[in-house]
Amino acid sequence: MATNDNKFQISELDFQGIKDNLTDYLRSQEEFKDFDFSGSGIQQILNILSYNTNYNSYYLNMVANEMFLDSADLRASVVSRAKALGYVPRSTQAPRANVYFEVNVGTDTPANITIPAKTSVKTRIDDVVYQFSLTESIQATLNRVDGNGNRIYRSENTLIYEGNALTQKYTVDINNTDQRFIIPNSGVDVDLITVTVQRSPTNALTEKFTRVDNITNINGDSSVYFIQEIESGLYEVYFGDGSIGKALSHNNVVVIDYINTKGPAANKAAVFTTSGRVSGYDYKCYTVDKASSGADRETTESIKLLAPLHYDTQNRAVTANDYKTLLLENYGNIDAVSTWGGEDNNPPVYGKVYISLKPKDDFVISDSVKQQIIDSVIGTRNVVSITPEIIDPDYLYVGVTSSVNFARELTTKSAEDLRGIIRAGITNYFDTYLNTFQKYLKYSRFVNAIDTTDPSISGSQTTLKMIKIIEPEFNANRTYTLNFSNAISNPHEGHIGAVKSEDFTISGQTDCYIADDGTGVLNIYKLVGNTETIVRNAVGTVNYITGQIIVNNFAPTEMADEGTTMKFSVVPAKQNIYTVRNQIISILPEDILLSIIDDATAYESAVEAAGTVTTGASGTSGTGVISGY
């Protein structure tokens with residue numbers, strides 16, 4: 001605030017405070033004591049001075065904010081701060097599919113067929129055509145002779161990547177101190193860059209340079225390059241100075257081959273078509289694993305989160321959190337990750353670390369992507385004596401049965417409208433609070449979410465079931481273990497109805513199902529009329545305390561719905577549902593069963609149910625009304 005002191009006060013930062021301080025300061029000076037500071041002329045001067053001071057203070061505050069990772073807002077500032085921690089922001093990542101190629105050479109007999117790098121195939125998703133390419137040459141060898149006598153050559157399984165295969169060349173000019181080797185496309189996948197250096201435009205001798213993130217094992221003769229994101233959001237390749245990494249020479253030609261990708265748009269591509277020929281022959285592409293792992297470039301918020309964690313891991317994987325950080329840093333298609341040491345596994349397996357990944361666009365990741373992650377992300381950073389293993393998430397589904405009451409006078413919506421709103425609300429609740437690792441379903445909060453979906457809802461009665469899904473191998477005796485990791489309802493021995501499977505056919509018996517007998521034994525039943533009949537005794541066990549179900553030597557012929565999966569539903573002993581390790585609580589649309597009940601209709605039904613009241617002593621009867629309705 002302004003004071004009568006003749007010293008200028010600098011404590012105010014807002015416009016009016018600055019102006020008041022300037023006015024009071026000038027009033028306190030002998031030279032200006034007779035001035036009318038409300039006059040328009042001097043007011044304009046004071047306004048200009050105040051605005052200028054206010055602008056400068058704001059600018060300096062923003063500059064100061066951009067100097068620190070936590071408070072920086074501009075991406076260029078965040079990237080610059082992260083660089084000081086040795087962190088390179090993740091680029092756009094190209095979807096990759098695991099495929100093999102077949103080449104029809106007719107009756108020719110070549111030793112092998114070379115399928116060159118940049119050979120491309122195409123796929124179509126939502127009427128958009130995407131191109132996938134090989135990043136390196138592969139060989140196809142004789143596989144078989146078809147029925148027409150044509151010799152078919154086949155390649156090993158290989159990865160193809162979505163995007164245009166491009167090349168950028170620079171001629172080194174050591175006299176140009178401002179020369180930079182910039183990749184001019186923002187969609188580059190930096191993990192797929194290949195850098196070679198040609199001696200000169202007239203000397204075709206080349207040398208391949210490799211990317212490094214760790215300088216401890218390189219010297220002045222190491223053929224390596226480094227990469228960084230620059231201020232425009234593009235990526236720049238740079239080289240050593242002769243002490244750390246080999247320096248470039250004048251007139252060298254830097255050749256950068258890269259993939260310019262559209263990111264996750266082509267994930268799930270599964271059918272690829274070819275055009276043209278390979279070595280003069282027709283060829284085809286066959287899918288082993290559909291395309292996955294495509295991701296947008298790392299967000300600014302993600303950089304601010306992961307850069308300090310990267311510095312903390314020191315580019316090595318020792319603790320479980322180190323593995324988590326490395327995966328989030330290097331693999332952009334992760335929606336969630338859970339890691340734990342083998343000593344925390346059930347049963348314990350010492351010398352292992354377990355990793356479970358939930359991808360953004362699917363339920364699980366393919367085996368080829370798992371191996372690629374182990375080879376390229378983990379294998380060079382983990383402790384030699386520890387074996388990493390990537391396992392799929394264990395989905396624990398929830399079945400919801402809810403009777404929801406509503407007051408018709410409080411809404412213009414129909415019962416069907418409310419049903420749709422409540423169903424969407426339940427799905428949104430799972431997407432917001434569950435559907436990831438280490439999240440638990442709290443019954444009271446979940447029911448409250450249903451009750452507050454719409455102001456007209458007056459209450460609900462909701463029951464939950466836990467559901468596991470298996471893929472039975474038909475006509476083959478197999479043992480299946482299902483871990484619910486929550487106690488299963490068994491209030492007393494002989495209590496039945498806690499465990500039940502979907503219907504199936506076995507040994508010629510249709511509409512069979514597996515259920516417990518209340519003593520921890522699973523039997524196969526079927527209904528004959530209204531009577532439950534045992535088809536086969538003791539096909540498995542239930543541990544009501546641990547929530548583990550084991551089905552032994554189970555060989556169904558088919559499912560009743562002709563599907564390939566089977567659901568097991570169990571009643572939990574407690575209303576809250578918890579997860580461990582790689583479990584994720586989720587829900588499927590078909591497992592949401594809703595009854596929407598009008599309060600007025602419920603009241604009339606209750607009155608009618610009260611019906612005729614018997615007096616007991618006299619045996620007379622009459623129409624009664626339930627108290628409180």
Side-chain angles (χ1 to χ4, degrees), residues 74-94 117-118 133-136 161 163-263 296-298 303 307 310 315 329-330 332 376:
L74 299 176
R75 183 179 178 91
S77 302
V78 173
V79 170
S80 179
R81 295 298 91 203
K83 184 180 178 181
L85 299 176
Y87 186 75
V88 179
R90 186 182 63 247
S91 70
T92 306
Q93 291 185 323
K118 298 187 180 181
S133 305
L134 283 172
T135 57
E136 56 187 19
Y161 300 87
N164 296 319
L166 302 174
T167 299
Q168 184 71 26
K169 292 184 178 182
Y170 292 95
T171 300
V172 178
D173 182 0
I174 60 174
N175 298 315
N176 181 4
T177 57
D178 295 327
Q179 185 176 36
R180 303 173 75 178
F181 309 112
I182 297 173
I183 301 172
N185 289 286
S186 59
V188 60
D189 185 338
V190 299
D191 294 329
L192 303 178
I193 291 175
T194 300
V195 176
T196 55
V197 176
Q198 185 177 323
R199 288 287 179 88
S200 71
T202 58
N203 187 338
L205 187 63
T206 62
E207 182 179 10
K208 185 175 181 179
F209 279 57
T210 58
R211 177 185 170 185
V212 293
D213 299 312
N214 190 335
I215 65 172
T216 56
N217 295 321
I218 64 175
N219 55 41
D221 295 321
S222 300
S223 300
V224 299
Y225 73 90
F226 307 90
I227 196 162
Q228 64 180 353
E229 183 179 326
I230 59 176
E231 59 278 358
S232 57
L234 302 176
Y235 282 85
E236 175 187 9
V237 171
Y238 62 102
F239 298 86
D241 58 0
S243 297
I244 300 176
K246 181 182 291 187
L248 298 179
S249 300
H250 185 68
N251 232 26
N252 281 165
V253 178
V254 176
V255 182
I256 306 172
D257 293 303
Y258 64 96
I259 295 286
N260 186 43
T261 178
K262 297 177 182 177
D296 292 319
R297 74 170 183 170
E298 188 170 6
I303 298 171
H310 167 84
N315 205 36
E329 174 187 337
N330 289 278
S376 63

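In this chain, numbering begins with 1 at the start of the sequence shown. Values reported hereafter were calculated over all heavy atoms of this structure, with side chains retained and with hydrogens, waters and symmetry mates removed.
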Next on the checklist: Looking at Arg75 and Glu231, is there a salt bridge between them, counting it only when a charged N and a carboxylate O are closer than 4.0 Å?
Outcome noted: no

Report all side-chain donor-acceptor pairs from residues 76-84 shorter than 3.5 Å, counting only partners two or more places apart or in another chain.
residue : atom : partner : partner atom : Å
Ser77   : OG   : Glu66   : OE1          : 2.7
Lys83   : NZ   : Gln228  : OE1          : 2.3

Item to check | Least distance between heavy atoms, His310 atom then Gly86 atom | outcome: NE2-O, 3.0 Å

Item to check | Point-to-point distance, once rounded to the nearest 0.5 Å, from OG1 of Thr196 to CG of Asp257 | outcome: 6.0 Å

Checklist entry - Looking at Gly245 and Ile218, what are the two nearest heavy atoms and their distance? => result N-CD1, 4.3 Å

Checklist entry - Is any side-chain heavy atom of Ile183 less than 4.5 Å from a side-chain heavy atom of Ile256? => result yes

Checklist entry - Any idea which heavy atoms bring Asn251 and Pro201 closest together, and the distance? => result O-CD, 3.3 Å

Checklist entry - Quick one: salt bridge (charged side-chain N to carboxylate O under 4.0 Å, His left out) partners of Lys262, sequence neighbours excluded? => result none

Next on the checklist: Please report the interatomic distance CZ(Arg297) to OG(Ser91), rounded to the nearest 0.5 Å.
Outcome noted: 10.0 Å

Checklist entry - Side chains of His250 and Val172: closer than 4.5 Å at any heavy-atom pair? => result no

Next on the checklist: For a 4.5 angstrom cut-off between non-hydrogen side-chain atoms, does Val255 reach Val195?
Outcome noted: no

Next on the checklist: Looking at every heavy atom in both Lys246 and Asp221, which two are closest together, and how far apart are they?
Outcome noted: CE-O, 3.6 Å

Item to check | Val237 to Tyr225 - nearest heavy-atom pair and separation | outcome: CG1-CD1, 3.7 Å

Checklist entry - Tyr161 and Thr261: side chain to side chain contact (heavy atoms under 4.5 Å, CB included), yes or no, with the steps? => result CA-CA 8 Å; Tyr161 300 87; Thr261 178; over 6 Å; no

Checklist outcome for this item: Across all chains, not counting sequence neighbours, the side-chain hydrogen bond (donor to acceptor under 3.5 Å, both in side chains) partners of Asn219 are Ser222

Checklist entry - Is it true that atom CG of Asn175 has more than 12 heavy atoms of other residues, nucleotides or ligands lying nearer than 6.0 Å? => result yes

Checklist entry - CG of Asn164 to OH of Tyr258: how many Å apart, nearest 0.5 Å? => result 9.5 Å

Checklist entry - Taking atom CG of Asp296 and atom CZ of Arg90, what is their separation to the nearest 0.5 Å? => result 9.0 Å

Checklist entry - Thr177: what forms a side-chain hydrogen bond (donor to acceptor under 3.5 Å, both in side chains) with it, not counting sequence neighbours? => result none

Checklist entry - Would you say the side chains of Thr206 and Gln198 form a donor-acceptor pair under 3.5 Å? => result no

Item to check | Results of side-chain hydrogen bond (donor to acceptor under 3.5 Å, both in side chains) for Glu298 - residues two or more places apart only | outcome: Tyr87, Ser302

Checklist entry - For the atom pair OH (Tyr235) and CD1 (Ile182), what is the distance rounded to the nearest 0.5 Å? => result 13.5 Å

Item to check | Glu136: salt bridge (charged side-chain N to carboxylate O under 4.0 Å, His left out) partners, not counting sequence neighbours | outcome: none

Next on the checklist: Under 3.5 Å, is there a donor on one side chain and an acceptor on the other for Tyr170 and Asn252?
Outcome noted: no

Checklist entry - Are Ile193 and Val188 side-chain neighbours, meaning at least one heavy-atom pair lies under 4.5 Å? => result yes

Checklist entry - Sequence neighbours excluded, which residues qualify as salt bridge (charged side-chain N to carboxylate O under 4.0 Å, His left out) partners of Arg199? => result none

Checklist entry - Would you call Thr167 and Lys118 a side-chain contact if the rule is heavy atoms closer than 4.5 Å? => result yes

Checklist outcome for this item: Those residues at least two apart in sequence (or on a different chain) that pass side-chain hydrogen bond (donor to acceptor under 3.5 Å, both in side chains) with Ser200 are Thr202

Item to check | Residue pairs involving residues 232-243 (criterion salt bridge (charged side-chain N to carboxylate O under 4.0 Å, His left out); sequence neighbours excluded) | outcome: Arg180-Glu236

Checklist outcome for this item: Rounded to the nearest 0.5 angstrom, the CG-OG1 distance for Asn185 and Thr92 is 10.5 Å

Checklist entry - Of all residues at least two apart in sequence or in a different chain, which pass the salt bridge (charged side-chain N to carboxylate O under 4.0 Å, His left out) check with Glu329? => result none

Item to check | Summary of salt bridge (charged side-chain N to carboxylate O under 4.0 Å, His left out) pairs that have at least one residue in residues 181-195, sequence neighbours excluded | outcome: Arg96-Asp189, Asp191-Arg211

Checklist entry - What residues, two or more places apart in sequence or in another chain, satisfy ring-ring contact (aromatic ring centres under 6.0 Å, His included) together with Phe209? => result Phe239

